[in-house]
Amino acid sequence: MTKSNLGRFFEDFTLGETIAHATPRTLTEADAALNIALTGSRYALFSADTFAQNCGLGSAPIDPLLVFHIVFGKSVGDISLNAVANLGYAEGRFLALVYPGDTLAATSEVIGLKETSNGKTGIVTVRTTGANQLGEPVLSYVRWVMVNKRTESAPASAGSTPSLKPNLAAPDLVLPGDLDLSNYDWTLAGAPHAFEDYAIGETIDHVDGMSVEEAEHQLATRLYQNTAKVHFDALAQANSRFGKRLIYGGVAISLARALAFNGLSNAALMLAINAGRHVNPLFAGDTLYAWSQVLDAADLGGAGALRLRLVATKNRPCADLPLKNEAGEYDPAVVLDFDYWAAIAKRR
Amino acid sequence: MTKSNLGRFFEDFTLGETIAHATPRTLTEADAALNIALTGSRYALFSADTFAQNCGLGSAPIDPLLVFHIVFGKSVGDISLNAVANLGYAEGRFLALVYPGDTLAATSEVIGLKETSNGKTGIVTVRTTGANQLGEPVLSYVRWVMVNKRTESAPASAGSTPSLKPNLAAPDLVLPGDLDLSNYDWTLAGAPHAFEDYAIGETIDHVDGMSVEEAEHQLATRLYQNTAKVHFDALAQANSRFGKRLIYGGVAISLARALAFNGLSNAALMLAINAGRHVNPLFAGDTLYAWSQVLDAADLGGAGALRLRLVATKNRPCADLPLKNEAGEYDPAVVLDFDYWAAIAKRR
Amino acid sequence: MTKSNLGRFFEDFTLGETIAHATPRTLTEADAALNIALTGSRYALFSADTFAQNCGLGSAPIDPLLVFHIVFGKSVGDISLNAVANLGYAEGRFLALVYPGDTLAATSEVIGLKETSNGKTGIVTVRTTGANQLGEPVLSYVRWVMVNKRTESAPASAGSTPSLKPNLAAPDLVLPGDLDLSNYDWTLAGAPHAFEDYAIGETIDHVDGMSVEEAEHQLATRLYQNTAKVHFDALAQANSRFGKRLIYGGVAISLARALAFNGLSNAALMLAINAGRHVNPLFAGDTLYAWSQVLDAADLGGAGALRLRLVATKNRPCADLPLKNEAGEYDPAVVLDFDYWAAIAKRR
């Protein structure tokens with residue numbers, strides 16, 4: 001009996017069980033610097049202690065998306081090592097800021113199990129929670145994946161699919177308690193556009209492009225201690241459907257968010273993830289572009305919040321906002337369709 | 001009206017205006033480690049707290065060239081996003097050491113504006129200053145770039161070109177106040193050659209070669225939060241004059257300086273940049289070599305200073321010191337011709 | 001007379017001399033994070049301060065293999081710049097844990113010199129010691145390399161070959177004094193397998209594969225300040241036997257150890273290196289796999305220790321444990337045959 005972990009198959013999950021994931025991780029200033037080097041992020045809040053202090057915080061916090069990747073990475077070995085596809089996210093809430101020196105650990109509760117009609121796979125839905133060294137939750141989100149069954153069989157009758165909110169709303173959003181944007185420095189932040197300047201429905205082409213190399217996405221995905229084979233094993237991938245390594249979807253999210261600085265400089269702080277879909281695979285050598293649309297807006301008191309759709313494409317600039325054709329099918333250039341809330345400074 | 005920043009054109013600059021750049025940056029031990037990983041630098045002063053403490057400092061300072069790249073990077077979005085060419089540097093002075101934990105911000109004063117005769121572009125000259133969280137300047141330098149005009153027109157009559165020093169001299173150089181090289185450890189520094197051992201005119205082949213990959217220069221240039229598109233957007237660059245991504249010139253400077261350790265181990269601390277020219281473009285896949293010549297020497301009391309010409313080539317070793325042909329044209333292998341001052345320990 | 005270091009030739013070594021190596025290095029949290037990004041290591045002991053504290057330590061120590069690479073890197077400029085081959089390691093002992101903030105320096109004593117029969121090269125054996133800022137040794141190991149002679153000649157008569165232990169034994173192993181595994185958290189460590197669960201002779205296929213890119217091994221090897229030209233100079237290597245850059249053998253060791261987490265999650269702490277052989281070269285583009293065999297076991301009181309053989313292959317999964325053919329020759333896919341001791345938690 002081997003001691004190697006081959007990953008769970010669909011039959012290995014039990015509805016309601018909670019799985020504690022391995023390898024807690026202390027995040028440090030190095031993770032913040034590597035996040036900048038890997039994405040090109042220029043949001044001042046995560047770049048400068050002075051800027052963060054001017055916003056009421058003790059020092060620059062860790063970018064919430066980096067927190068997401070770290071927590072997600074922990075769950076892979078237990079949840080999705082034998083996943084066929086990562087189908088979606090929902091109900092992602094950032095509950096507390098993470099600072100250099102904090103240690104994160106993660107657990108996942110199985111909240112849905114449903115076999116697919118072909119009898120070969122099933123859909124596993126988990127609610128994953130990341131907590132810091134004090135046990136305080138910093139992030140909670142739901143994701144569902146299609147997982148291979150160990151043994152093919154007729155699908156079981158019922159199965160369970162959890163009821164999930166299509167998107168979070170203002171009352172679900174947690175603004176960090178000490179955040180104080182009353183002295184917000186628009187110049188150092190990079191743009192004058194305040195909460196009040198964004199209209200629901202407004203679109204923004206983020207203009208810039210970023211090409212991705214194998215070494216870059218591998219470095220990022222290993223930094224997240226995400227072990228999914230499809231990102232790292234070129235030999236095995238040579239025989240896969242795509243013939244090459246797939247880039248972890250989170251890399252596309254972080255790169256697109258870094259590009260979105262150009263147009264959304266003041267919307268640094270992600271508060272929630274409503275939904276996310278990796279529409280097409282991203283490969284090394286591709287150049288990523290992005291555009292955004294304002295889907296909703298909410299005044300949270302100490303800050304505004306924008307609900308934003310972030311669309312990323314590969315090898316196709318976004319001046320004409322590519323998304324879907326008339327039949328409702330995604331443009332083949334679209335790799336990401338992501339729906340989130342971010343805090344943004346109000347003018348006063 | 002889009003919220004994306006498309007960059008300033010020549011007409012958008014006003015002589016005498018001061019532009020405060022976005023995204024302050026707290027430098028940390030991680031930037032120091034990444035600088036080593038990205039360049040291979042072995043200067044002991046920036047590598048070991050103990051060595052720096054033995055030189056009178058509190059801990060290992062940040063390599064001044066890294067400070068330069070960080071400050072330079074901040075200015076790109078405001079100054080050179082629509083630049084056709086980065087033409088030169090002058091009067092670069094390192095004014096105070098930067099330590100992990102310091103936060104840098106940058107401003108640029110427009111000190112020269114002159115349209116070129118073709119009516120399509122103009123030359124913008126700025127003096128950029130980087131300051132720490134106390135507002136103390138740590139670096140000041142002049143650079144001039146050729147910037148596209150928004151609208152082609154006949155060139156305006158006069159224009160303004162600032163008067164700049166061809167090079168800095170000993171009185172311009174600032175030796176850190178607490179630097180004390182009286183117990184300098186030549187063994188740990190890696191070579192016995194003191195200030196007194198270098199003769200004006202002397203040349204040094206730095207022997208080693210370093211190949212550069214796309215992922216490496218992209219990581220470095222993103223770490224500097226430099227957003228110039230030519231370094232990152234392979235798709236757009238495919239239609240450019242070169243057909244591929246250009247490596248940020250600062251990467252060539254830092255790699256060449258890291259190679260220069262082999263022959264200049266004790267000249268770790270850059271004090272001033274007299275001039276710099278990126279003679280030919282550097283691309284991923286190229287192998288960089290370098291050689292130096294001692295142009296001048298000055299005894300600053302607590303240390304010596306050498307004025308050094310640093311020449312870097314691509315895909316051509318430097319044993320025969322390649323530079324220019326008889327007609328005064330650069331050898332096509334030369335990528336960098338850089339003129340700087342560095343402090344160096346005296347024998348006693 | 002050039003000031004560049006061209007490296008020592010065989011004739012430049014004296015039996016019994018001690019060489020102090022250049023460029024001390026302060027290791028920081030950034031080195032720990034980069035080690036994770038470069039290898040994908042998931043051993044909890046090096047990833048989380050909380051986990052390390054639960055094991056009696058003050059915070060997460062630096063992975064001993066990273067300490068090895070840093071110390072090794074310092075020795076390259078003095079010992080192996082003109083090496084034809086790195087022949088072997090022996091008697092490697094990790095003597096004290098290294099923590100972020102510690103500064104390492106290295107010295108090597110020449111303990112063996114023997115010319116080879118062809119008159120062109122000689123074998124230099126050194127005992128290299130890494131020490132921290134207090135002068136306490138943290139690592140000691142022997143390695144021998146084949147070094148070019150400056151002048152070809154008939155080999156000298158005798159020469160000296162040191163007597164080395166074929167492997168270290170339990171009394172040679174140093175368990176960190178404050179290590180206390182009585183509250184060991186098997187869940188966060190990632191697997192339930194304790195010292196008692198491993199049988200001598202047992203083999204483990206580590207299953208996963210990791211592809212290596214040029215940028216990745218160059219970043220790692222520069223982080224170690226290892227300057228061996230064969231890893232970096234693509235132009236010079238184009239004319240070498242292999243026609244391309246060679247990956248530093250230590251990169252293969254670290255990647256294989258990171259893969260070995262899958263099956264040896266609780267054997268994080270390397271205590272000793274008995275022997276190591278880089279059987280075949282590893283190149284960028286190769287995918288690395290690994291398997292292990294338990295060679296011996298020892299109860300050290302506060303922890304168990306396993307003597308492990310770690311075999312890494314390129315472009316060939318290890319399910320059938322590839323090693324040697326019937327003639328005793330290594331399988332051409334094998335790149336590493338490494339023999340070490342690691343501490344592992346006991347069940348009680």
Side-chain angles (χ1 to χ4, degrees), chain A residues 28-34 36-44 47-53 59-60 100 185-193 197-198 202-219 258 261-265 284-287 289 314-317, chain B residues 1-7 19-35 37-38 73-74 77-78 81 100-107 132-134 213-229 231-238 244-245 284:
Chain A
T28 69
E29 294 168 343
D31 295 288
L34 279 164
I36 291 174
L38 289 163
T39 69
S41 170
R42 286 178 289 149
Y43 295 103
S47 174
D49 287 341
T50 51
F51 189 92
Q53 287 156 359
S59 64
D185 189 325
W186 304 92
T187 301
L188 289 179
H193 313 114
D197 299 323
Y198 290 84
E202 177 176 353
T203 57
I204 304 163
D205 170 19
H206 300 305
V207 180
D208 307 311
M210 179 61 69
S211 303
V212 196
E213 302 296 321
E214 297 281 13
E216 293 170 346
H217 78 83
Q218 292 200 150
L219 284 166
F261 175 84
N262 196 350
L264 287 165
S265 305
D286 287 341
T287 300
Y289 299 87
K314 59 179 177 184
N315 308 321
R316 184 189 192 302
Chain B
M1 165 67 190
T2 181
K3 293 186 171 70
S4 306
N5 172 25
L6 299 173
I19 303 168
H21 304 303
T23 311
R25 176 83 146 72
T26 303
L27 288 165
T28 68
E29 294 168 341
D31 295 288
L34 279 164
N35 195 50
L38 288 163
K74 303 204 169 321
D78 293 316
L81 218 53
D102 286 350
T103 300
L104 301 186
T107 55
N132 64 20
Q133 69 279 9
L134 304 173
E213 303 295 321
E214 297 282 11
E216 293 170 346
H217 78 83
Q218 291 200 152
L219 283 167
T221 308
R222 283 189 300 240
L223 185 72
Y224 312 147
Q225 296 175 310
N226 177 329
T227 60
K229 301 163 200 274
H231 311 313
F232 299 117
D233 187 334
L235 186 69
Q237 287 302 108
K244 49 189 167 181
R245 282 166 278 178

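In what follows, chains are A, B, ... by sequence order, proteins preceding strands, each numbered from 1. No hydrogens, no waters, no symmetry mates; every other heavy atom, side chains included, goes into these values.
- Considering only residues two or more places apart in sequence or on other chains, B/Ala37 meets the side chain to side chain contact (heavy atoms under 4.5 Å, CB included) condition with C/Leu219, C/Leu223.
- Both the backbone and the side chain of A/Ser211 come within less than 4.5 Å of a heavy atom in chain B.
- Taking chain A as the reference chain and counting heavy-atom pairs below 4.5 Å, the highest number among B/Gln237, B/Gln133, B/Glu214 is found for B/Glu214.
- Only the backbone of A/Thr39 comes within less than 4.5 Å of a heavy atom of chain B; no side-chain atom from C-beta onward does.
- Interatomic distance, A/Tyr43 OH to A/Leu264 CG, rounded to the nearest 0.5 Å: 6.0 Å.
- Contacts between B/Thr221 and chain A at a heavy-atom distance below 4.5 Å are absent for every atom of the residue.
- Heavy atoms of B/Leu104 lying under 4.5 Å from chain A are absent altogether.
- Using a 4.5 Å cut-off between heavy atoms, A/Ser41 contacts chain B through its backbone alone, with no side-chain atom that close.
- Only the backbone of A/Ala189 comes within contact range of chain B, with at least one heavy atom under 4.5 Å from a heavy atom of that chain.
- Every residue two or more places apart in sequence or in another chain was checked for a side chain to side chain contact (heavy atoms under 4.5 Å, CB included) with B/Ala238, and none qualifies.
- Side-chain atoms of B/Gln218 and A/Glu216 form a donor-acceptor pair, as typed in the model, at a separation below 3.5 Å.
- Using a 4.5 Å cut-off between heavy atoms, A/Tyr289 contacts chain B through its side chain alone, with no backbone atom that close.
- Interface residue A/Asp197: backbone and side-chain heavy atoms are both found under 4.5 Å from chain B.
- Atom CG of residue B/Leu6 and atom CG of residue A/Asn262 lie 7.0 Å apart, to the nearest 0.5 angstrom.
- Counting heavy-atom pairs under 4.5 Å between each of B/Ala22, B/Pro24, B/Ala30 and chain A puts B/Pro24 at the top.
- Proximity to chain A (any heavy atom under 4.5 Å) is shown, for B/His231, by neither the backbone nor the side chain.
- The side-chain heavy atoms of A/Asn315 and A/Asp286, taken from C-beta on, include a pair separated by under 4.5 Å.
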